[in-house]
Amino acid sequence: MRIFSGIQPTGVLHIGNYLGAVRRWVELQETAECLYCVVDYHALTSEASSPDELGGAWRGLVLDLMACGIDPDRAILFRQSDVPEHTELCWILSCVTSFGDLARMTQFKEKSRGQQFVNVGLFIYPVLQAADILLYLADHVPVGEDQLQHLELARRIARRFNGRYGEVFPEPEPLLGEGARIMSLADPERKMSKSAGPEHVVGLFDPEDEIRAKVRTAVTDTGLTPGQDMSPGVANLFRLLELVAPGEVVEAFKGDHAAGRLMYRDLKASLQEHLLTTLAPLRERRRELAVSVDVEAVLAGGAERARAIARAVIADARQCVGL
Ligand code: TRP
């Protein structure tokens with residue numbers, strides 16, 4: 001089993017990233033060969049990206065990931081732009097990708113809607129993502145629900161390449177985690193995401209009083225979704241609590257909710273405590289790593305290992321297509 005996943009170097013790591021994805025990555029590195037990639041080529045598709053930000057963001061992200069438990073001696077932790085084979089494979093794969101398929105991608109439609117200038121990078125973003133995965137012949141990809149469509153496309157691309165040129169790429173399967181859908185505390189109808197704005201994310205390493213305040217002011221009273229017995233905000237608080245608190249704590253609050261006597265204030269207080277307890281060791285490690293780790297050396301080591309795999313696969317792909 002070979003695992004690949006990627007994360008964009010934009011802004012700080014937040015609890016949605018950690019509880020929804022990175023915590024899973026840490027577990028997976030115990031049992032599988034894992035590649036974790038800081039996808040800076042992808043970050044270029046954002047009109048908001050600036051050279052200063054992009055040039056500095058990866059350092060913090062690598063330290064954040066290591067503080068979460070990613071171990072560069074086990075997993076291959078590297079930066080996408082250090083392995084230019086990603087862009088070469090992207091080109092080759094773009095020639096077996098349907099324009100219509102790309103035009104149907106929800107993320108593209110959302111990000112391009114209402115924009116005056118839509119860059120082609122945003123359009124072919126999913127092809128580069130497919131190249132990321134296929135370049136390492138990865139068979140499993142831990143992602144959030146919002147990436148399932150991109151992964152399905154990666155499978156189609158692999159299938160079309162293999163059908164036309166011969167079996168090179170396995171069709172990668174998604175690995176969906178339990179925390180795959182953590183919503184914004186300020187607007188529980190939307191995913192917790194850096195691109196939504198600072199009020200929508202709880203940074204992993206935010207000061208404790210800020211984390212408390214964001215949980216305390218979390219929106220709960222938006223009314224019920226039809227067919228559900230909880231408002232989206234309350235359901236989101238329960239989802240978070242399940243990820244950080246022991247089962248019996250969650251069960252007790254669920255019992256209160258079922259009996260109609262749940263006090264949101266108590267639910268939030270419990271979430272604050274369990275969340276901060278979960279994050280405390282990460283903060284401690286983040287502080288230590290900031291002074292002890294040579295991030296450039298970590299990435300250089302990761303790139304060397306990644307490139308050894310990538311070179312062999314790209315050579316194979318080039319030969320298959322006749323280059
Ligand atoms: N598109 C992914 C996201 O926004 C990031 C990503 C890029 C990725 N390449 C990948 C994820 C390859 C998994 C595999 O979250």
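We count ligands from 1, going down the list as the structure has it; atoms in each ligand are counted the same way. If you're wondering where the values come from, they're calculated on a predicted model, not measured in any experiment.
The protein heavy atom nearest to atom 9 (N) of ligand 1 is Asp132 OD2, 2.7 Å. Ranking the protein heavy atoms by distance from atom 5 (C) of ligand 1 puts Gly6 O, 3.6 Å first. Counting only heavy atoms of the protein, atom 1 (N) of ligand 1 lies nearest to Tyr125 OH, 2.8 Å.
Using cut-offs of 30° and 60° for the angle between ring planes, the Phe78 and Tyr136 rings count as perpendicular.
Proximity of Val143 to ligand 1, defined as any heavy-atom pair under 4.0 Å, is confined to the side chain (atoms from C-beta onward). Heavy atoms of Ile7 found under 4.0 angstrom from ligand 1: none, in either backbone or side chain.
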Checking side chain to side chain donor-acceptor pair (under 3.5 Å) for the pair Gln8/His42: CA distance, chi angles, key distance, verdict?
CA-CA 7 Å; Gln8 286 203 30; His42 277 110; 6.0 Å; no

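Between Arg155 and Glu152 there is a salt bridge, since at least one side-chain N of the basic residue sits less than 4.0 Å from a carboxylate O of the acidic one. Taking the charged nitrogens against the carboxylate oxygens, Asp101 and Arg160 do have a contact shorter than 4.0 Å, which makes a salt bridge. A salt bridge links Lys254 to Glu242: at least one charged side-chain nitrogen sits closer than 4.0 Å to a carboxylate oxygen.
Of the N or O atoms in Gln129, one or more lie within a sub-3.5 Å distance of an N or O in ligand 1. Here's the thing with Gln107: none of its N/O atoms is less than 3.5 angstrom from an N/O atom of ligand 1.
Which parts of ligand 1 touch Val39 is read off a 4.0 Å heavy-atom cut-off, strictly below it: atoms 7 (C), 9 (N). Close contacts between ligand 1 and Val141 involve ligand atoms 13 (C), 14 (C) [criterion: under 4.0 Å to a heavy atom]. Contact atoms of ligand 1 toward His42: 7 (C), 9 (N) (distance under 4.0 Å to a heavy atom of the residue).
A donor-acceptor distance shorter than 3.5 angstrom exists from the side chain of Asp206 to the backbone of Gly203, with no hydrogens or angles considered.
Within the structure, every pair that satisfies the side chain to side chain donor-acceptor pair (under 3.5 Å) test and touches residues 52-65, not counting sequence neighbours, is listed here: Arg59-Glu296, Asp64-Arg286.
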